[in-house]
Structures are given as structure tokens and as C-alpha cells.
Number of protein chains: 2
Amino acid sequence: MRQQINIEPKGLHIDPIAILEDSGHRPTSQRCTLARLLQTRHEGFTAEEVCKALPEIGRATIYRTIKLFLSAGVLCKLALPDGAPKYALSRPDHHHHTVCVKCGTISEFRDGTVERVLRALGSEIPGQIVSHRMELYLICQACLDGTKN
Amino acid sequence: MRQQINIEPKGLHIDPIAILEDSGHRPTSQRCTLARLLQTRHEGFTAEEVCKALPEIGRATIYRTIKLFLSAGVLCKLALPDGAPKYALSRPDHHHHTVCVKCGTISEFRDGTVERVLRALGSEIPGQIVSHRMELYLICQACLDGTKN
DNA sequence: CTCATTGCAAATGGTTTGCATTGGG
DNA sequence: CCCAATGCAAACCATTTGCAATGAG
């Protein structure tokens, strides 16, 4: 558990709107509303969940804004075991995600060992590695403890 | 916490139809045709590609058969960087995949170090790890060499 | 005034489903 | 015969797009 990030370190905090403005986009009310929601949702969310949570914003806008945040690096896109897309706030440092297959909660971890291994693999595998995807699926402690539902 | 590692005493070759019959399904001509195709396609394929390659078989049957093979463990499902699903023949030993982002070719690799790291992570992360997903995206040697298109 | 942004509704693309038909055991 | 398996087309569902309306600078 030592490397698991459960609290939000102030220094790592991301301001989605500031980043948006930096890349030449307007901080519209819809985008701000969405950004505010993102920051409360450490457990991640699907596009559909956002649509339900913010019915006053059009579907198209929500999808467009998620894309915008993705390309700005504010969000990262990850995949459930069945491949369904889910989104979570990005941290500035590189990390990977764990997804609870029972309650869906997303956490993140970073481990230098993983990074080292990935780098080492780069020299063993022909071709030029451009990126990777890695997600751990687990049953989280809360679900194991039965402290949820 | 436990990684699922198949230790298969037999060779590396899988017989999709035999496995199918073992699980109580019929070796129909469509399924055999599909299975034959799979075994020539080490670079993986999308459902749509199979439909094009086998126009004489109905879409529904192809999708149903892929699902069948997935649940029988004959195929594994992996994801392109954008999350689009792609399928590849399963090997009995545990492995991971590389996907060329240029030509789409899928290869596999197996690295004890990766497995060790994953196991080690299991003890550091709260909760019970049930599975994981890991794909390396790269530009394959052939594409780097310009020997393709 | 202009142009980025939005909302709606229609279009899309991949996958699934209902149902009548087929065919192997 | 029987029932699993198939094919077709319609349904489905998440996501995208066309376009006219809006609104911030």
C-alpha cells in the first residue's frame, strides 16, 4: 500500500480550466461545470455517467469536452475488463490505474519497478515503443471488507 | 493477489475446435472455417476484418463465434490505443501483446520479469488483484525499415 | 460583428437480438 | 425429429456529425 495514492497531494493538483485556456480554448460555463465535476470524481466515470449527472449540458458537448480534456492531458482514458472506456483525472506524474471489478472505483499507483521493467523491455523488443497500456483489475479492500453495499 | 498463469504441458498449439467440442459445442462448418482463419492470423484481427474475409458467414455468427472462442480461452481480446477491440489467438503460456500503431500487427512477448513485478505489486496494493491488462504500442521493425508500403 | 461553442437531432459504426429457417446427430 | 446453430434484418447503444442558433470578446 505504500505507493498507493489515496489522498490528493496539493502540489499535484491540476487545474483543467487553466490548461484549457493555455491551449487556446474558452473557459465556457459548460466546461467549467464539467471540470468541477471531474475534480470530485476520483473514482473515475464513464461518459454516460457524466451525461446523467449534468443533464443540463448537451451530450455532444460533454463528449466534445471529454475529448478536449483528453488531448490536453487533463484526463486519461482507461478501459474496463470488457473494454468499455472510463475516464479519470490525470496526475502530472506517470502512473497506472487499478479498477475494482466490483464497485468500479479507480485508484492509481506508481511504481518505479514497473517503469524500469517497461524500459528494459524496450531494449529486448524489436521496434520502437511509443506507449503502453496497463491496468490492474482487483477487488478493492472496501469491497473485500464488505463495507460497501 | 494470484496471477493466472496457465502451465500447459502440451505444445504451444491450440486446437480451437477440440476445445469447442470439449465445452459441448458443435464443430460446424462456419466455426471450423473461422478457426482455420484464426490460426493463420497471428497478427490478430478485428471482428470487421473477419466479416470481410468470410462474407459467406453471417455477421451474427461471426460475432457469436468470436465470443464463443473468447469464453473458451481460444482467443484473447486486446485493445488498440483508442480502445478499439482486436483479437488474437491465445497461447497456453501467459503473455502480453505488442501492437504496431502503424500497421496494426500484433506480436506477443513473455517476460518473467514482468510477471514478477506484477506479483510483487499484488502485495503492495490493497485489495485482491484478479487480472490485468497490458499492451505495448510500438512501431514495428518492418515499419521502421520501411519494408511495408 | 465574428467566430468559437453549443444543442438538437440525425447519422454512424460496431455489436447484439428476435425470429424463422436450416441441418447435423 | 429435435434442438443447436445460422442468417437476416431490425434493434441497440455509445459516440459523432451537420447545422442552425447562441453568446462571449
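Letters A, B, ... mirror the listed sequences (proteins, then strands); counts begin at 1. Fair warning: this is a prediction, and the values are worked out from it, not measured in the lab.
- Between the CZ atom of A:R26 and the P atom of C:dT2 there is a distance of 14 Å, rounded to whole Å.
- Residue A:K77 contributes atom NZ, which lies 14 Å from atom P of D:dA14 at whole-angstrom precision.
- Taking atom CD of A:E56 as the reference point, atom P of D:dT22 lies 19 Å away to the nearest angstrom.
- In this structure, the separation between CG on A:L118 and CG on B:D111 is 10.0 Å, given to the nearest 0.5 Å.
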Pairs under 3.5 Å (N/O, protein and nucleotides 13-20 of chain C):
| residue | atom | partner | partner atom | Å |
| --- | --- | --- | --- | --- |
| C:dT15 | OP2 | B:Y63 | OH | 2.4 |
| C:dT16 | OP1 | B:K67 | NZ | 3.2 |

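- Rounded to whole Å, the distance from CD1 on A:I57 to P on D:dG23 is 15 Å.
- Between the CD atom of B:Q128 and the SG atom of A:C140 there is a distance of 11.0 Å, given to the nearest 0.5 Å.
- Put simply, CZ on A:F45 and CG on A:L75 are 5.0 Å apart, with the number rounded to the nearest 0.5 Å.
- Checked by atom type and distance alone, the side chain of A:R133 pairs as donor or acceptor with a backbone atom of B:L80 at under 3.5 Å.
- To the nearest 0.5 angstrom, B:K86 atom NZ is 14.5 Å from B:K77 atom NZ.
- OP1 and OP2 of D:dA5 both lie 4.0 Å or more from every side-chain N or O belonging to B:T28.
- Contact annotation: B:H25 side-chain N/O to D:dA4 OP1/OP2 distance is not under 4.0 Å.
- The distance between the ring centers of B:H132 and B:H96 falls below 6.0 angstrom.
- Following rounding to the nearest Å, A:I66 (CD1) and D:dT16 (P) show an atom-to-atom distance of 9 Å.
- Rounded to an integer number of Å, the gap from NZ of A:K86 to P of D:dA14 is 14 Å.
- Between A:E21 atom CD and C:dT5 atom C1' there is a gap of 15 Å when expressed in whole angstrom units.
- Distance CG (A:L20) to P (C:dA4): 15 Å, rounded to an integer number of Å.
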